[in-house]
Amino acid sequence: MKKMNRIVCALLGGFACLSPVFAAEDVKTEKTEPAVTAVVATELTATEKEILELLRGAFGKNDAKGEFLKNRKAVEITRREAAVQGLEKNLSIQRQRKSEAIAREAVMEAKALFLPTFSANLYYNESEAFERSAKVKVWKSGTTTRDLGGGNVEYVLVLSPEAQQQSTIKELVFRDPRMAGYQMREIKASEETDKTESWIYYFNVAQQLPWGSSLNVGITTKEKHTFFDNEGGDYKRPWSTSVATVLDAPLPLTKGFGRYAAAEVSLRLSRLQKDRAFWDVKTVINGTLLDVDMGYWNLVASARVLLATVKNRQTLETILGNTEKLLAAGRATAYGKKQVQAELAGVKDIEARAWNNYLRASTALALLLNQDKDAVMLPVGYGGSLDEAAEMALADAMSVALQNRPELKAEETGELATEIILRQSENGTRPDLRFNFNFTIEQNGSVFGYKTLADSINFTDFNKDTQYQTYALNYSYPWRNLAARALKAASQASHERQRIAVSAVKNQITEEVNNAVVYLLSAQAQVEIASQNLKLAEEAFDNACKLRDAGKMSEFQIIGKSAATLSANYNLIAALVERKKAESRLLAAEGVLPHRFADKTAASEFDRQRIRKVSHAHPLPFFAPIAMNRQAVPAQDKTVEAVPLPTASAMSPSAVAQ
């Protein structure tokens, strides 16, 4: 928020000259208000001094009004200070700036899709087999005795029928007899093998390529120690390397190929979202400045009306005093005195209402500026601009509005986004045919590897053990492709709806500009008429006073001339204020109020020149004029033109990618 304060104060209050403009960003300002006050110091007109004297004098009076004001504080404020505080305190601007920050992060996230992804992994593996034996009970069948004659015998073990089926042997002959039963036997459960341990280092780079392709390259290096005997003998050649490359790409004129591939569309849409957030902030700034300016001029009008009313009351008090003197001299009647007293009582009632109107206007402005509830706003520094008509190019108002209204830029940004989505959905209805390529070379290190890592990864003379490559074409087609067709139809409807929204905003802008121009022309004419009427009323009042002094005019006639003068004064004040409001309305309708506001509130010609230098240097994007540079989005995915976004001068939001 401090950065916003510095930006607004720089534009509206400025820097001493162009060179300090860029240095001002590094200056730490703890409090904004003193800096603004120092910048906007202006010379007050005589009328402003009278109003200030009147308003400040009311705080010290011992009447009901003074009692009401005694616990409240007077806050002098210029038109420029009101704008700064209004922008600083506006919650909508703060919310929109958060949206812009979120959109900016989304752009960074989308850009990350096209940045290479690097990954590294480390693995350790050790394997060794040991000899293991086990003691188990084994069933042994018993032998039978066979008499061979002559006192000779043999011991025969007849195999079971199952054993005889698996062998041609039917019986076994033993020299000694064997008893049937279980016997313990030690058997070998496994055999010992050489010990192996390995470290695996894996490096991978994945890159999303333009136009829908992706590339993945992985390098695996293994440090494997193989022992060839049980005493730890080692070949000391542990290193081996393999390289795998995978390319996945859609074929030309197929789904996912070209400028409307998913990754590229994601980046372009995120940039459009960022730009839309930019225009939304400018819209809120334009509207906030208009609201604050309207509130400020309402305060000025109520202050001027209050002063005119007080002066009229003082004039009637003088007339009453003169009437009393004339009555004492026998030159006036008691009825004439009562007429003046009655008129004076009515004017005092009008004055009370004028005070109420002023305090209501002060409270309304204080709420816009988020001021303290006890603050009473005293307008200063507006006298010169109130009496002067600003130069307004009415003939170019419509073209300026169509080039600068941020609401239109926001909707046109939305139109670009929906058109990109439409083109992507059209791309999605194409045949889904992708090419896949896998190429791998490997040193397996099964017997001998390399003595050093450098020898293993020497790609200038890479000695491979195995090599294989795969080429594949993958075709996919959902039955009738209904989902893709439905998405295309929905995208077409969304794009048409957004085009209608753009046309609606243009129509709204056209109406607002036309009304603003008519309103300004009417206000200018009303100022001329009101000025002439006030001049005539003042002349008539002066002549009436002279005739009354000569005894040729009654008090009733004097009162009538005074009331006519007050009414003419009210009309002129209203006309002057309405002219300033009309000027601001037209600038807001054109979308250039933020750009023109600083120049309109400049205290001097030097101040105006300094502000122009700041604007032309483009350090303040939200307050810079807008220059359009838009080309058409291509109808089909062919060799196409660039699609830049609308830009706000050199500090514009980003253009659409590619």
Side-chain angles (χ1 to χ4, degrees), residues 47-77 82 293-321 338-369 371 373-380 382-383 386 523 526-527 530 533-534 537-538 541 555-556 558-581:
T47 302
E48 289 180 273
K49 292 178 181 178
E50 287 184 278
I51 292 176
L52 276 181
E53 183 179 357
L54 171 65
L55 296 176
R56 288 197 171 277
F59 283 83
K61 288 187 176 181
N62 294 324
D63 55 10
K65 182 164 62 268
E67 184 67 22
F68 175 75
L69 295 174
K70 72 176 183 179
N71 294 324
R72 308 184 72 175
K73 64 176 182 179
V75 179
E76 294 184 13
I77 189 165
D293 210 36
M294 295 297 103
Y296 189 83
W297 286 123
N298 287 336
L299 182 66
V300 169
S302 62
R304 295 288 286 260
V305 166
L306 176 60
L307 178 63
T309 306
V310 170
K311 283 187 172 183
N312 183 257
R313 187 254 304 164
Q314 292 171 347
T315 300
L316 286 176
E317 289 175 343
T318 302
I319 293 175
L320 179 60
K338 290 181 180 179
Q339 284 182 320
V340 177
Q341 289 174 333
E343 184 68 20
L344 181 58
V347 169
K348 286 182 178 180
D349 182 63
I350 294 174
E351 181 181 351
R353 291 200 299 270
W355 274 106
N356 291 336
N357 291 335
Y358 174 76
L359 291 174
R360 280 200 298 267
S362 172
T363 301
L365 181 61
L367 289 175
L368 284 175
L369 308 185
Q371 282 281 349
K373 61 183 179 62
D374 294 327
V376 177
M377 315 303 292
L378 310 183
V380 295
Y382 60 86
L386 179 62
Q526 288 298 322
V527 169
N533 289 341
L534 178 60
E538 288 175 342
F541 180 74
E555 286 73 13
F556 177 77
I558 289 290
I559 291 172
K561 299 298 182 184
S562 175
T565 303
L566 180 60
S567 177
N569 207 346
Y570 284 171
N571 291 337
L572 179 58
I573 292 171
L576 290 173
V577 169
E578 289 303 315
R579 181 173 66 182
K580 303 312 293 185
K581 288 184 177 180

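For reference, positions follow the sequence shown, starting with 1.
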Separation between CG (L52) and OG1 (T47), nearest 0.5 Å, reads 11.0 Å
Run L55 and W355 through side-chain contact (heavy atoms from CB on, under 4.5 Å) and show every step you take. CA-CA 10 Å; L55 296 176; W355 274 106; 3.9 Å; yes
Indicate yes or no: does R56 engage E76 in a salt bridge with an N to O separation below 4.0 Å. yes
Heavy-atom check, side chain of I350 versus side chain of Y570, under 4.5 Å: yes
Evaluate the criterion side-chain contact (heavy atoms from CB on, under 4.5 Å) for residue pair Q341 and L320; output intermediate values, then yes/no. CA-CA 7 Å; Q341 289 174 333; L320 179 60; 3.6 Å; yes
Measure across R72 and A375 and return the closest heavy-atom pair with its distance rounded to 0.1 Å. NH2-O, 3.7 Å
Output for pair (L368 CG, T363 OG1), nearest 0.5 Å, gives 11.5 Å
I'd like to know whether I77 forms a side-chain contact (heavy atoms from CB on, under 4.5 Å) with L378, so could you lay out the CA-CA distance, the side-chain angles of the two residues, the decisive distance to 0.1 Å, and finally the verdict. CA-CA 6 Å; I77 189 165; L378 310 183; over 6 Å; no
Are Q314 and T318 close enough that some pair of their side-chain heavy atoms sits under 4.5 Å apart? no
For A537 against A564, the heavy-atom pair lying closest together: CB-O, 4.1 Å
Spacing of I559 atom CD1 and T315 atom OG1 [to the nearest 0.5 Å]: 12.5 Å
Report yes if some heavy atom in the side chain of L534 is under 4.5 Å from a heavy atom in the side chain of N571; otherwise report no. no
Looking only at heavy atoms, which two atoms of V340 and L316 are closest? And how far apart? CG1-O, 4.0 Å
Shortest non-hydrogen contact between E343 and A563, atoms and distance: OE2-CB, 4.2 Å
CG/L54 to NZ/K311 distance, rounded to the nearest 0.5 angstrom? 10.0 Å
Minimum heavy-atom separation for Y296 and V380, please, with both atom names. OH-O, 3.0 Å
Check whether the side chains of N298 and K581 place a donor and an acceptor atom closer than 3.5 Å, and report yes or no. yes
Is any side-chain heavy atom of K580 closer than 4.5 Å to a side-chain heavy atom of V300? no
Atom pair CZ (R353) and CZ (R360), whose distance is rounded to the nearest 0.5 Å: 10.5 Å
In sequence, state the C-alpha distance, the side-chain angles, and the governing distance for V75 and K73, and then conclude on side-chain contact (heavy atoms from CB on, under 4.5 Å). CA-CA 6 Å; V75 179; K73 64 176 182 179; 4.3 Å; yes
For a quick test of reading the model, state the closest non-hydrogen atom pair linking R304 to L386 and the distance between them. NH1-CD2, 3.0 Å
Side chains of Y358 and V376, heavy atoms from C-beta outward: is any pair under 4.5 Å? yes
Does the side chain of T565 come under 3.5 Å of the side chain of N312 through a donor N or O and an acceptor N or O? no
Presence of salt bridge, E317 and R313, under 4.0 angstrom: yes
I'd like to check L299 versus S302 (side-chain heavy atoms, cut-off strictly below 4.5 Å). Are they in contact? yes
